[in-house]
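Taking it in order: structure first as structure tokens, then the write-up.
Reckoned from all heavy atoms, side chains included, excluding hydrogens, waters and symmetry mates. Quick note on labels: first sequence line is chain A, next is B, and so on, each numbered from 1.
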Amino acid sequence: MRYSDGFRQPAAAEALVRMLHERMAVARSRRGAIAVMEVCGTHTMAVGRHGLRRRLPEGLRLISGPGCPVCVTDAGYIQTAIELAESGLGIATFGDLLQVPTAGGDSLAACRARGGRVQVCYSPLDALRAAAAEPGREWVLLAIGFETTIAPVLATLQRAHDAGLGGLSALVAFKRVLPAMEAVLADGRTAIDGFLCPPHVSTVIGAAAYRTIAERHGRPCVVAGFEPLDILAALVALVELVAEGRAEVRNEYARVVKEEGNPRAQRLIEEWLEPCAARWRGLGELPNSGYRLREDRARYDAERRYGVTVRTGRDAPGCRCGDVIAGRMDPPQCPLFRRMCTPDSPVGPCMVSSEGSCAAWFKYERAEAAAPG
Amino acid sequence: MCLGVPMRLLEIGEDGHAVAESDGLRLDVDVSLIEDPRPGDHVIVHAGFAIERLDAHEAEARLAMFDRLAQIAAEGTATGPV
């Protein structure tokens, strides 16, 4: 029996679905419909893959949030990365970024086809190995992502630093999850009653980090794993908390997430980075919502090292990824969805990324989108 | 946002390097983000890094709860809070 099998038992799922319907009946009578945002794109994929959306009770709506690292990255970032590749630098990138189109229809994949030295990496350590193996060429790691990915990238730069390997730097577009959650609440165009919180970001920042969301904004937060039973159990807890008006934080992934998170990862973040404003596709510029490398680490900052600045990019004409990312619409409400925009011919990142909600809806969801919140 | 795969540590090498295994797949893993990693530990691996140790006690308690739920579902009765 595989480890995950225990977290996918159909009979237990049936019991949890029944409980969810019971809790939601109570909640509906007390306060009407409930909208829950699952912040993380991998939750959106898991909901789709396990067919959970079709089992949700009437009145409970799941909204996909700004938690897909590729999707929230500003369109101009890809353009800058292509320019760096065309200047002769090696570009090490996570696979998801390869196919993301710029407004002009270019991409890192097309750049590679034209001879650009673009290498896909599973781990940031692959970028370190590429730089060590090719001393005559300097390499830039496309450092996007949330706290989960930030720690491995910094641990890799620390290894480069300790080894005296000068040929590696990072084009940083890191994102912090809490400011994004506060931004979608402040945006106000989408009613959000509670959050299903990302398990592996929480592993780094700790479950306690969400207290600000619960206490300052009165929204319950439940940290959940990606397995179907984890998601269902977390939804039962969330509906209960919303129905009873209890703005609390619940850690339903305690087998991994600790209250205070991962101290080693947090120490690396403090040593290497400082918070800064960041541009998010769909949310615009958010203060303190990103990180940049500290002054004493500037040699690892590709922007400062090569004198480039990531300019704000334009979305492709008609692309509504921004609204999908901010939870203002479900993918089927985008006029391009399933027509011009498909996995084979993606217009925006939400269809490209393996955590993009449009990719999830295209692959798994047949139900029509709910009316906007 | 961040897929993380549960794996079991087989060997702990020098300088934060380790070998992990899951369903027969062996992988070189960096354990520098983990306090005092040991062979036999289960960890969550993201982008080649172990980002946390899995708490076996919590995992077992969780699995036991889901087993109970499965049993109850088989008996056809709903139950109290999770």
Side-chain angles (χ1 to χ4, degrees), chain A residues 2-4 6-7 9-16 18-19 22 39-43 67-69 94 121-126 145-149 151-153 155-156 158-159 177 198-201 203-204 226 229-230 233 236-237 240 252 254-258 262-265 268 354-355, chain B residues 1-8 15-18 21-25 27-37 41-82:
Chain A
R2 293 175 60 218
Y3 167 79
S4 55
F7 298 96
Q9 301 175 63
E14 288 308 323
L16 286 165
R18 203 165 40 235
M19 287 168 65
E22 287 162 7
V39 181
C40 175
T42 309
H43 268 140
C68 156
F94 294 119
C121 54
Y122 155 71
S123 168
L125 292 170
D126 299 334
F146 290 85
E147 290 86 348
T148 327
T149 315
V153 168
T156 299
Q158 185 66 54
R159 281 192 181 282
V177 73
H200 297 131
V201 164
T203 299
V204 173
F226 290 135
L229 300 189
D230 284 322
V236 170
E240 228 169 60
E252 294 276 340
R255 62 183 184 274
V256 176
V257 173
K258 298 189 169 48
N262 180 326
R264 283 191 177 205
L268 269 175
S354 59
E355 297 181 47
Chain B
M1 188 174 233
C2 317
L3 204 57
V5 178
M7 301 190 84
R8 191 166 55 92
D15 189 22
H17 294 288
E21 179 272 337
S22 172
D23 294 338
L25 169 77
L27 191 69
D28 288 337
V29 168
D30 185 303
V31 288
S32 56
L33 295 173
I34 302 285
E35 308 273 2
D36 188 23
D41 282 350
H42 283 83
V43 290
I44 292 290
V45 174
H46 167 71
F49 281 77
I51 56 170
E52 191 52 272
R53 178 186 281 109
L54 211 78
D55 180 326
H57 172 68
E58 282 284 351
E60 279 148 24
R62 194 80 183 171
L63 283 169
M65 181 189 84
F66 290 147
D67 289 344
R68 266 198 322 277
L69 279 171
Q71 224 176 339
I72 288 163
E75 292 152 12
T77 53
T79 173
V82 176

Which heavy atom of A:Glu147 sits nearest to which heavy atom of A:Val201, and what is that distance? OE1-CG1, 3.5 Å
Residue B:Glu35 versus chain A: region with a heavy atom under 4.5 Å: both
How far apart are the closest heavy atoms of B:Leu25 and B:Met7, and which atoms are they? O-CE, 3.9 Å
Which atoms of B:Ile51 come close to chain A, meaning under 4.5 Å heavy atom to heavy atom: side chain ones, backbone ones, both, or neither? both
Do side-chain atoms of B:Glu60 reach the backbone of B:His57 as a donor and acceptor pair under 3.5 angstrom? no
What part of A:Asp126 gets within 4.5 angstrom of chain B, counting heavy atoms only: side chain, backbone, both, or neither? neither
Heavy atoms of B:Ser22 and B:Val5 approach each other most closely as OG-CG1, 4.5 Å
Chain A heavy atoms under 4.5 Å from B:Asp15: which part of the residue, side chain, backbone, both or neither? both
If you count heavy-atom pairs within less than 4.5 Å of chain A, which of B:Val43, B:Ile44, B:Asp28 leads? B:Ile44
Quick one: does any side-chain atom of B:Arg62 pair with a main-chain N or O of A:Phe7 as donor and acceptor, under 3.5 Å? no
Between B:His46 (side chain only) and B:Leu3 (backbone N and O only), is there a donor and an acceptor less than 3.5 Å apart? yes
Contact origin within A:Pro263 toward chain B - heavy atom pairs under 4.5 Å: side chain
Bottom line for B:Arg68: the part with an atom under 4.5 Å from chain A's heavy atoms is neither
